[in-house]
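Report on the following structure.
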Amino acid sequence: MAALDQKSPNVLLQSLCCRITGKSEAEVAHQFQYAVRVVGSNYAPTIERDEFLVSEKIKKELLKQRREGDAALFSELHRKLQTQGVLKHRWSVLYLLLSLCEDPRKPSRVGSYGALFAQALPRDAHSTPFYCTRPGSLPLSYPERSGPGGVQISTSMGTSGISSQSMEPCLSGQHPGLHSQSYMTLDFLQCCSCGLAGSVCVGEAALVRDILYVFQGIDGKFIKMSNADNCYKIDSKVVLCKSLRDTSNRLAELGWLHNKIRKYTDSRSLDRAFGLVGQSFCASLHQELKEYYRLLAVLHSQLQVEDDQGVNLGVESSLTLRRLLVWTYDPKVRLKTLAALVDFCQGRKGGELASAVHAYGKTGDPQMRALVQHILSLVSHPILNFLYRWIYDGELEDTYHEFFVASDPTVKTDRLWHDKYSLRKSMIPTFITMDQARKVLLIGKSINFLHQVCHDRTSPGKITPASKSTDSPKDAAELLSDLEGAFQGKIDAAYFETSKYLLNVLNQNYLLLEHLQAMRRYLLLGQGDFIRHLMDLLKPELARPATTLYQHNLTGILETAVRATNAQYDNAEILKRLDVRLLEVSPGDTGWDVFSLDYHVEGPIATVFTRECMSHYLRVFNFLWRAKRMEYILTDIWKGQMCNAKLLKSMPELSGVLHQCHILANEMVHFIHQMQYYITFEVLECCWDELWNKVEKAQDLDHIIAAHEGFLDSVISRCLLDTNSRSLLNQLRAIFDQIIEFQSAQDSLYRSALEELTLRLQYEERKKQRDSEGEWGVTAEQEAEENRRIQEFQETIPKMRSQLRILTHFYQGIVQQFLVLIMTSPDESLRFLSFRLDFNEHYRARDPRLRASLGATRGRRPSNI
């Protein structure tokens, strides 16, 4: 036999096997046979044959090693190689270079070749005839193999990259190039090549069958669920190559995802407290699992056909792990999305669950977005049904508290609008804005308010014609796709129609605006002629001690004042609600301290005029009534001064005291007039105008209630009745007390002066009468008595003067303190009031604290000019 060519591929391959294993030619016969099989197969890397990608990986590897110069040189050489047509398979050359440059300390992609070839192959694992001596007679390539009947058998690539083509051991005397009629699978060769004691050799077909069971959450023969690790694991006794093991693990993830979703649906489907939204979510998951089961049914039927027809694993139409990996890619993505949704939706229900699903729809992946939108249409269907029944019928059947409108059945009818219905903010879906949720609440609340409080029997269909509801999830999906269009339009239409009808009922049937104006006229003293006449009539009664007053007497006086003024032309419905109220009596109180007007409200208008609002009106009335009484008192003081001025001219000793009275009275009149101007025009009129503008523009009852409450709050704060103005109010009440005390002092002065004047006039009259009768005018004793009495009266004048001086001192001190407080007030109107009260800088000259400019009170430095 001729000597073997030392450069032939067979000889070189055998030498490579000897060098790798470190054994002789006879000892590496089995490894040589396996190497010939590998070289003769379609073994190829499992990466894409992209020349550019491989070149980029080589450059990245060089850059990782900080060899920037070598990377630039490689780029230049690669560019030159591309311009020449010498090499046809440049990708293979580059991939070889990439494999050679890998760090041997790191695990290789292909594995340890030395370990691979060092393992002995069994005698029956030959894929080619065994020639222990002449490797040159072994071909490295094989012709196309055909199955029985001349059917070509193609090579099916597994994830390991090694062909799954089956081979048959050569019969004795048969040339390896002849067509074989049966083959042994390469999987069997790979398993047997491991040769570990006590191990189980498993083929790919058995793994495929196990994987199909795992897809359904059922443990297979070799792949079982590990509860400790919460994942599917291949039996440790099963010997598999790394590629098959990795592929099986990747496929087993579908079973884990399936179990996760199925566990959630099984536990929640039986939970009635999960609600309709939760059941819809479970139904959507069941629907997706149903599509997944259809795919599994197709795969099972394919496997059954193969078993029935005896199709081998290498046939093109057979099931392989790699084909399963491709076919289950999309279902795996969908199951991952569903499993993530299940995790995110744990512990959620109702609108909160819908918000969680809606949040997952905000993704750039169109397939995932379509899946989430489909689930959202099913989940939101019950919510939209709740919503339409609420806004069109006013019905709320939310047994499991899923809807974002909550109802409190313990609330009575008179508090229906304020307390019975509210928003569950956690249950508002994220695809419904807060403004839309507020409108939805108002619509249903208005319908129930009309039926239960206003006793309006108009059917909701006549108030707002019901549009098409979401009869199916498809309708819900169409509606959700146009949240700012059709959905917003339906809510707005129902909101405007229902609110408009409710306001019309309140204004026409229950005279809401007329009652509001009545509050302004009577409780806020807007009806001037009525208030003045009422004070005149009540003056004798209210001057008495509070304990001697009777409400029926005061009610009669009130009715007399109504009939005698323009108040008689008001609506009878309003006048019958006007009444007298006596406050709690304290020791020493007079009628002025306990008298108050009252206005009875009930029915629908009590929703606007609540108890809190009426208590605010009562506080404001008492303050205004007291201020009005001060004006009334000062008017009486002025009238007394004007009437007695001429009478007391004959008593020149009183001129100083009377002058002092006039000065103090003018100070008080100026103060009260400025305060009345501020309260009447700057507070009440401005606030009322603002309120009326808001009421005319109000779109719903809540707007009217909010405007009315804002009006009262503003009046309370600007009339110094809030907690922040308590010190100002105390000073103002002290000023009012000084005015009352001044009235008492002046009345006492005029009373004693007029008595003295009467006695003097009587004395002069007697003198004239006796003179006319021809007698002496007076006797010496009478004249001495007259002089003694005049002397005693003149001695009382210094006491009167000192009393007025003390009263003036106290009054001016309180006014100064009041001015200091309002100058530092944050309210600009009060700061300007301080300038009007001290227009001539009389108090400013007396108190240095009042010399700060307006700019300084605002925080600016005063000018030096």
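The figures that follow rest on heavy atoms only: side chains count, while hydrogens, waters and symmetry mates do not. By convention here, the first residue in the shown sequence is residue 1.
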Completion exercise
In terms of heavy-atom contacts, Gln794 and Pro798 come closest through O-CD, 3.2 Å
Practice task
Report the C-alpha distance between Thr410 and Asp408 in whole Å, list the side-chain angles of each, state the deciding distance to 0.1 Å, and finish with yes or no for side-chain hydrogen bond (donor to acceptor under 3.5 Å, both in side chains).
Solution key: CA-CA 6 Å; Thr410 62; Asp408 186 358; 2.7 Å; yes
Exercise for the section: For residues 543-591, pull every pair meeting ring-ring contact (aromatic ring centres under 6.0 Å, His included), keeping only residues two or more places apart or in separate chains. Expected result: Tyr550-His552
Exercise for the section: Using atom types as modelled and distance alone, determine if a side-chain donor or acceptor of Asp636 lies under 3.5 Å from a backbone N or O of Gly640. Expected result: no
Problem - Whether Asn622 side chain and Leu618 backbone form a donor-acceptor pair below 3.5 Å - result: yes
Practice task
Answer with yes or no whether the side chains of Asp579 and His600 bring together a donor and an acceptor at under 3.5 Å.
Solution key: yes
Practice task
Evaluate whether atom CZ of Phe810 has more than 12 neighbouring non-hydrogen atoms of other residues, nucleotides or ligands under 6.0 angstrom away.
Solution key: no
Problem - Stepwise side chain to side chain contact (heavy atoms under 4.5 Å, CB included) check, Leu648 with Leu757 - result: CA-CA 8 Å; Leu648 299 178; Leu757 179 62; 4.2 Å; yes
Practice task
Please check if the side chain of Asp593 supplies one atom and the backbone of Asp589 the other of a donor-acceptor pair under 3.5 Å.
Solution key: no
Practice task
Output, in order, the C-alpha distance, side-chain angles, deciding distance and verdict of salt bridge (charged side-chain N to carboxylate O under 4.0 Å, His left out) for Arg760 and Glu756.
Solution key: CA-CA 6 Å; Arg760 291 184 183 184; Glu756 178 62 26; 3.0 Å; yes
Handout entry: Pairing of Arg438 and Asp700 as salt bridge, 4.0 angstrom limit
Key = yes
Handout entry: Residues forming a ring-ring contact (aromatic ring centres under 6.0 Å, His included) with Tyr677, sequence neighbours excluded
Key = Phe681
Exercise for the section: Please answer whether the main-chain N or O of Leu647 pairs with a side-chain N or O of Asn644 as donor and acceptor at a distance below 3.5 Å. Expected result: no
Problem - Sub-4.5 Å side-chain heavy-atom contact between Met630 and Ile633 - result: yes
Only distances under 3.5 Å count here; give the side-chain donor-acceptor pairs of residues 553-561 to other protein atoms, sequence neighbours excluded, each with its distance to 0.1 Å.
unit_1, atom_1, unit_2, atom_2, d
Thr555, OG1, Gln551, O, 2.8
Thr560, OG1, Gly556, O, 2.9

Practice task
Output, in order, the C-alpha distance, side-chain angles, deciding distance and verdict of side chain to side chain contact (heavy atoms under 4.5 Å, CB included) for Phe530 and Asn566.
Solution key: CA-CA 7 Å; Phe530 166 76; Asn566 288 329; over 6 Å; no
Exercise for the section: Give a yes or no on whether the backbone of Phe793 and the side-chain of Arg789 come within a donor-acceptor separation of less than 3.5 Å. Expected result: no
Problem - Minimum heavy-atom distance Trp592-Lys539, with the two atoms named - result: CZ2-CA, 4.0 Å
Problem - Expected output: side-chain His533 to main-chain Thr565 donor-acceptor under 3.5 Å - result: no
Handout entry: Side chains of His515 and Tyr599, donor plus acceptor under 3.5 Å
Key = yes
Practice task
Run the salt-bridge test on Arg577 and Glu602 with the 4.0 Å N-O cut-off and return the result as yes or no.
Solution key: yes
Exercise for the section: Please report the C-alpha distance between Leu721 and Val715 in whole Å, then the side-chain angles of each, then the deciding distance to 0.1 Å, and finally whether the side chain to side chain contact (heavy atoms under 4.5 Å, CB included) criterion is met. Expected result: CA-CA 8 Å; Leu721 298 176; Val715 170; over 6 Å; no
Problem - side chain to side chain donor-acceptor pair (under 3.5 Å) involving Gln660 - partner list, sequence neighbours excluded - result: none
Handout entry: Minimum heavy-atom distance between Val453 and Gly603, given as atom pair plus value
Key = CG1-C, 4.4 Å
Exercise for the section: Mind checking side chain to side chain donor-acceptor pair (under 3.5 Å) for Glu541 and listing every partner two or more places apart, or none if nothing turns up? Expected result: Arg544
Practice task
Count the heavy atoms belonging to other residues, nucleotides or ligands that lie under 6.0 Å from CZ of Arg415, then report whether that count exceeds 12.
Solution key: yes
Practice task
Kindly state whether the ring of Tyr510 and the ring of His455 have centres lying under 6.0 angstrom apart.
Solution key: no
Handout entry: Side chains of Gln816 and Tyr811, donor plus acceptor under 3.5 Å
Key = no
Practice task
For the pair Asn504 (side chain) and Lys500 (backbone), establish whether a donor and an acceptor sit closer than 3.5 Å, ignoring hydrogens and angles.
Solution key: yes
Exercise for the section: Ignoring hydrogens and angles, state whether a donor on the side chain of Arg831 or Ser825 is under 3.5 Å from an acceptor on the partner side chain. Expected result: no
Exercise for the section: Determine whether Asn840 and Asp838 make a side-chain contact, defined as any pair of heavy atoms from C-beta on separated by less than 4.5 Å. Expected result: yes
Handout entry: No-hydrogen, no-angle side-chain donor-acceptor test under 3.5 Å, Gln674 and Arg836
Key = yes
Practice task
Check side chain to side chain donor-acceptor pair (under 3.5 Å) between Asp570 and all other residues, then give those that pass, not counting sequence neighbours.
Solution key: Arg521, Tyr522
Exercise for the section: Check Cys661 against Gln641 and note the closest heavy-atom contact, atom names and distance. Expected result: O-NE2, 3.4 Å
Handout entry: Short side-chain to backbone donor-acceptor contact, Ser752 and Ser748, under 3.5 Å
Key = yes
Exercise for the section: Under the ring-ring contact (aromatic ring centres under 6.0 Å, His included) rule, collect the residues that match up with Phe671, sequence neighbours excluded. Expected result: Phe818
Handout entry: Minimum heavy-atom distance Ala698-Leu503, with the two atoms named
Key = O-CD1, 3.9 Å
Exercise for the section: Assess whether side chain to side chain contact (heavy atoms under 4.5 Å, CB included) is satisfied between Leu712 and Glu612, documenting all intermediate values. Expected result: CA-CA 10 Å; Leu712 286 178; Glu612 294 79 8; over 6 Å; no
Sequence neighbours excluded and cut-off under 3.5 Å, please list the side-chain donor-acceptor pairs for residues 724-741, or say none.
unit_1, atom_1, unit_2, atom_2, d
Ser725, OG, Asp722, OD1, 2.9
Asn730, ND2, Arg726, O, 3.2
Asp737, OD1, Arg626, NH2, 2.9

Handout entry: Side chains of Val601 and Met614 in contact at under 4.5 Å (non-hydrogen atoms)
Key = yes
Practice task
Please report the shortest heavy-atom distance between Gln676 and Ala627, naming the atom on each side.
Solution key: NE2-O, 3.3 Å
Practice task
Output all residues satisfying ring-ring contact (aromatic ring centres under 6.0 Å, His included) with Tyr632, sequence neighbours left out; order by chain, then residue number.
Solution key: none
Handout entry: Short N-O contact, Glu690 and Lys694, less than 4.0 angstrom
Key = yes
Handout entry: Partners passing ring-ring contact (aromatic ring centres under 6.0 Å, His included) against Phe595 (at least two apart in sequence or in another chain)
Key = Trp625
Practice task
Output all residues satisfying side chain to side chain donor-acceptor pair (under 3.5 Å) with Trp638, sequence neighbours left out; order by chain, then residue number.
Solution key: none
Problem - salt bridge (charged side-chain N to carboxylate O under 4.0 Å, His left out) partners of residues 791-819, not counting sequence neighbours, each pair once - result: Arg788-Glu792
Handout entry: Side-chain (Arg718) to main-chain (Leu830) donor-acceptor, under 3.5 angstrom
Key = no
Practice task
Could you tell me whether the side chain of Phe621 reaches within less than 4.5 Å of the side chain of Leu524, counting heavy atoms only?
Solution key: no
Exercise for the section: Return yes if a side-chain donor-acceptor contact under 3.5 Å exists between Tyr501 and Ser446, otherwise no. Expected result: no
Handout entry: Flag, side chain of Thr824 to backbone of Leu821, donor-acceptor distance under 3.5 Å
Key = yes
Problem - Cationic tip of Lys439 above Tyr495 ring, under 6.0 Å, 45° of axis - result: yes
Exercise for the section: Report the relative orientation of the aromatic rings in Trp692 and Trp688; use parallel for angles under 30°, tilted for 30 to 60°, perpendicular for over 60°. Expected result: parallel
